[in-house]
Number of protein chains: 2
Amino acid sequence: MKNKDFDINDINKLLIDRGIRPSIQRIKILEYIVKNKNHPTVDMIFNALKGEIPTLSKTTVYNTLNEMVKKDVLLELIIDENAVRYDLYMEPHVHFKCRICGEIYDYDMDCEIFKKKKIKGNLVERYSVNLYGICKNCLNERSKKNGD
Amino acid sequence: MKNKDFDINDINKLLIDRGIRPSIQRIKILEYIVKNKNHPTVDMIFNALKGEIPTLSKTTVYNTLNEMVKKDVLLELIIDENAVRYDLYMEPHVHFKCRICGEIYDYDMDCEIFKKKKIKGNLVERYSVNLYGICKNCLNERSKKNGD
DNA sequence: GTATCTGCAAAACATTTGCAATTCT
DNA sequence: AGAATTGCAAATGTTTTGCAGATAC
């Protein structure tokens with residue numbers, strides 16, 4: 001199932017499937033992640049939703065995300081040294097983090113090498129490939145400033 | 001230069017080469033990382049050295065590590081959700097983190113794909129490949145406990 | 001009415017900052 | 001003496017925990 005096909009009903013269904021009761025808070029949090037595809041931090045989610053749900057607390061965002069990670073609805077991305085980021089659980093892909101704007105982009109790259117279950121006797125359950133650098137947009141900004 | 005060849009003189013030389021004055025604290029911190037090859041956290045380094053240098057403060061460990069990262073002596077590993085880890089700056093390689101014992105191992109794997117300087121218009125300056133799972137030792141422990 | 005869920009307040013960590021005391025040259 | 005370095009104490013920021021009130025079934 002592609003992200004684009006996700007609507008509110010799918011979100012409800014996904015939560016129920018994984019044994020998570022679909023409260024307003026949980027639906028909105030998951031919806032935010034699915035719709036924005038921006039690999040948000042807890043803070044980004046909280047700030048985006050506090051207008052819509054004025055009573056929302058950060059604790060609830062933390063609780064919800066932790067539960068969804070445990071139930072394989074979400075994936076924790078360890079790519080940012082300052083805060084954990086979250087993404088919908090899916091086939092692992094490559095992430096690129098821009099060190100100027102902080103944005104994280106998805107890359108559709110083949111990583112067959114890491115799909116083996118055992119490498120050198122160690123059991124590989126999950127892998128993550130992170131690229132760091134400067135994104136297209138920030139490169140453009142920079143060359144504009146330099147006048148070239 | 002391989003890790004094994006590193007002795008106290010090489011550590012001194014490396015620091016001076018990068019414009020870092022080799023104080024006792026700096027030498028001991030770098031020596032710890034080189035000798036142990038355990039991709040330590042600030043805490044691991046501090047606890048290991050506070051016996052030897054009783055006046056050592058965690059601030060100094062932080063300061064030292066940040067400076068060495070800036071001067072390309074060390075590399076920050078963003079693989080652990082709880083704390084940043086440090087490794088000697090070298091050809092990037094693959095890391096495996098065991099979710100049972102927390103240990104981080106090096107893998108010598110080829111990652112040619114990520115060595116391109118530009119991917120889809122974004123400038124790639126650095127990449128990191130992290131594998132997560134259960135290491136050989138913990139798998140053995142586990143099968144012993146299960147009696148098989 | 002009992003379970004679960006939410007959210008406040010406080011605690012627990014990791015990390016940074018300001019600054020005064022110390023050390024090196 | 002003057003510059004760099006160290007380390008304490010406090011601040012900042014992220015995440016977790018304890019608990020009381022609210023909500024759902």
Side-chain angles (χ1 to χ4, degrees), chain A residues 11-12 15-16 18-33 39-71 73-86 97 102 104, chain B residues 11-12 15-16 18-33 39-71 73-86 97 102 104:
Chain A
I11 286 172
N12 255 281
L15 290 176
I16 292 165
R18 304 296 167 89
I20 300 171
R21 272 204 261 178
S23 68
I24 288 287
Q25 290 88 341
R26 287 165 178 173
I27 291 170
K28 288 291 177 191
I29 290 170
L30 183 51
E31 195 185 15
Y32 176 85
I33 294 170
H39 317 85
T41 61
V42 165
D43 226 58
M44 289 161 76
I45 297 169
F46 176 74
N47 287 320
L49 297 182
K50 72 183 176 192
E52 215 176 336
I53 312 170
T55 62
L56 183 65
S57 101
K58 236 178 229 183
T59 303
T60 299
V61 181
Y62 275 105
N63 289 340
T64 300
L65 294 173
N66 285 338
E67 192 182 356
M68 290 187 187
V69 168
K70 207 174 294 171
K71 301 268 175 71
V73 174
L74 298 179
L75 211 54
E76 256 182 15
L77 303 187
I78 306 179
I79 183 172
D80 184 328
E81 64 207 89
N82 303 306
V84 175
R85 293 180 168 258
Y86 294 88
K97 174 158 190 268
I104 294 178
Chain B
I11 286 172
N12 255 280
L15 290 176
I16 292 166
R18 304 298 166 88
I20 301 171
R21 272 204 260 179
S23 68
I24 288 288
Q25 291 87 341
R26 288 166 178 171
I27 291 169
K28 288 292 178 191
I29 290 169
L30 183 52
E31 196 185 16
Y32 177 86
I33 294 169
H39 316 85
T41 61
V42 166
D43 227 57
M44 288 162 75
I45 298 170
F46 176 73
N47 287 322
L49 297 182
K50 71 183 176 191
E52 214 175 336
I53 312 170
T55 62
L56 184 65
S57 102
K58 235 179 231 183
T59 303
T60 299
V61 181
Y62 277 105
N63 289 340
T64 300
L65 294 173
N66 285 339
E67 192 183 357
M68 290 188 187
V69 168
K70 207 173 292 168
K71 301 268 175 71
V73 174
L74 298 179
L75 211 55
E76 255 183 17
L77 303 186
I78 306 180
I79 183 172
D80 184 327
E81 66 207 87
N82 302 307
V84 175
R85 293 181 167 256
Y86 294 88
K97 174 158 190 267
I104 294 178

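Convention: sequence-line order gives letters A, B, ...; per-chain numbering from 1. Worth knowing before you read on, the calculation uses all heavy atoms, side chains too, and leaves out hydrogens, waters and symmetry mates.
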Checking base pairs now: Watson-Crick or wobble, both atom distances under 3.5 Å. What partners D/dT23?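 Pairing partner: none.
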Identified pairing partner of D/dA3, criterion: Watson-Crick or G-U wobble below 3.5 Å: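 The base-pairing partner of D/dA3, which may sit in any strand shown, is C/dT23.
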Reckon [X] has a side-chain N or O less than 4.0 Å from the OP1 or OP2 of [N]?
X: A/Thr59; N: C/dT6; result: no
X: B/Asn66; N: C/dT16; result: yes
X: B/Gln25; N: D/dG7; result: yes
X: A/Tyr62; N: D/dT16; result: no
X: A/Arg21; N: D/dA24; result: no
X: A/Ser23; N: C/dT6; result: yes

For the atom pair CG (A/Leu56) and CG (A/Asn47), what is the distance rounded to the nearest 0.5 Å?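 Taking CG in A/Leu56 and CG in A/Asn47, the distance rounds to 10.0 Å.
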How long is the line joining [atom1] of [X] and [atom2] of [N], in whole Å?
X: A/Lys58; N: D/dG13; atom1: NZ; atom2: C1'; answer: 9 Å
X: B/Arg26; N: C/dC24; atom1: CZ; atom2: C1'; answer: 12 Å
X: B/Leu56; N: D/dC8; atom1: CG; atom2: P; answer: 9 Å
X: A/Glu81; N: C/dT16; atom1: CD; atom2: P; answer: 8 Å
X: B/Ile20; N: D/dT6; atom1: CD1; atom2: P; answer: 11 Å
X: B/Asn63; N: C/dT15; atom1: CG; atom2: P; answer: 13 Å
X: B/Ile24; N: C/dC24; atom1: CD1; atom2: P; answer: 8 Å
X: A/Ile16; N: D/dA24; atom1: CD1; atom2: P; answer: 15 Å

Residue mapping more 5' on DNA chain D - nearest nucleotide basis, A/Thr41 or B/Glu67: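 Of the two residues, B/Glu67 wins.
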Can any side-chain N or O of B/Arg85 pair as donor or acceptor with the backbone N or O of B/Leu77 at less than 3.5 Å?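 Between the backbone of B/Leu77 and the side chain of B/Arg85 there is no qualifying donor-acceptor contact (under 3.5 Å).
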What is the minimum heavy-atom distance between A/Arg21 and A/Arg26, and which atoms define it?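 Closest approach of A/Arg21 to A/Arg26: O-NH1, 3.0 Å.
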If you take all heavy atoms of A/Tyr32 and A/Ala48, which pair is closest and at what distance?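 What the structure gives for the nearest pair is CE1-CB, 3.4 Å.
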Positive for side-chain contact (heavy atoms from CB on, under 4.5 Å) with B/Ile29, one of B/Leu74, B/Val61, B/Asn63, B/Ile11: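 One option only clears the test, and that one is B/Val61.
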Just label C/dA3 as syn or anti from its O4'-C1'-N9-C4 or O4'-C1'-N1-C2 angle, using within 90° of 0 for syn.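 Syn, since the glycosidic angle lies within 90° of 0.
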Which nucleotide in D/dT15, C/dG7, C/dT16 has an atom nearest any side-chain atom of A/Val42: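 Ranking D/dT15, C/dG7, C/dT16 by closest atom to the A/Val42 side chain puts D/dT15 first.
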Indicate, with a heavy-atom threshold strictly under 4.0 Å, whether A/Thr55 touches base, sugar-phosphate, or nothing.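 Answer is sugar-phosphate: A/Thr55 comes under 4.0 Å of backbone atoms only.
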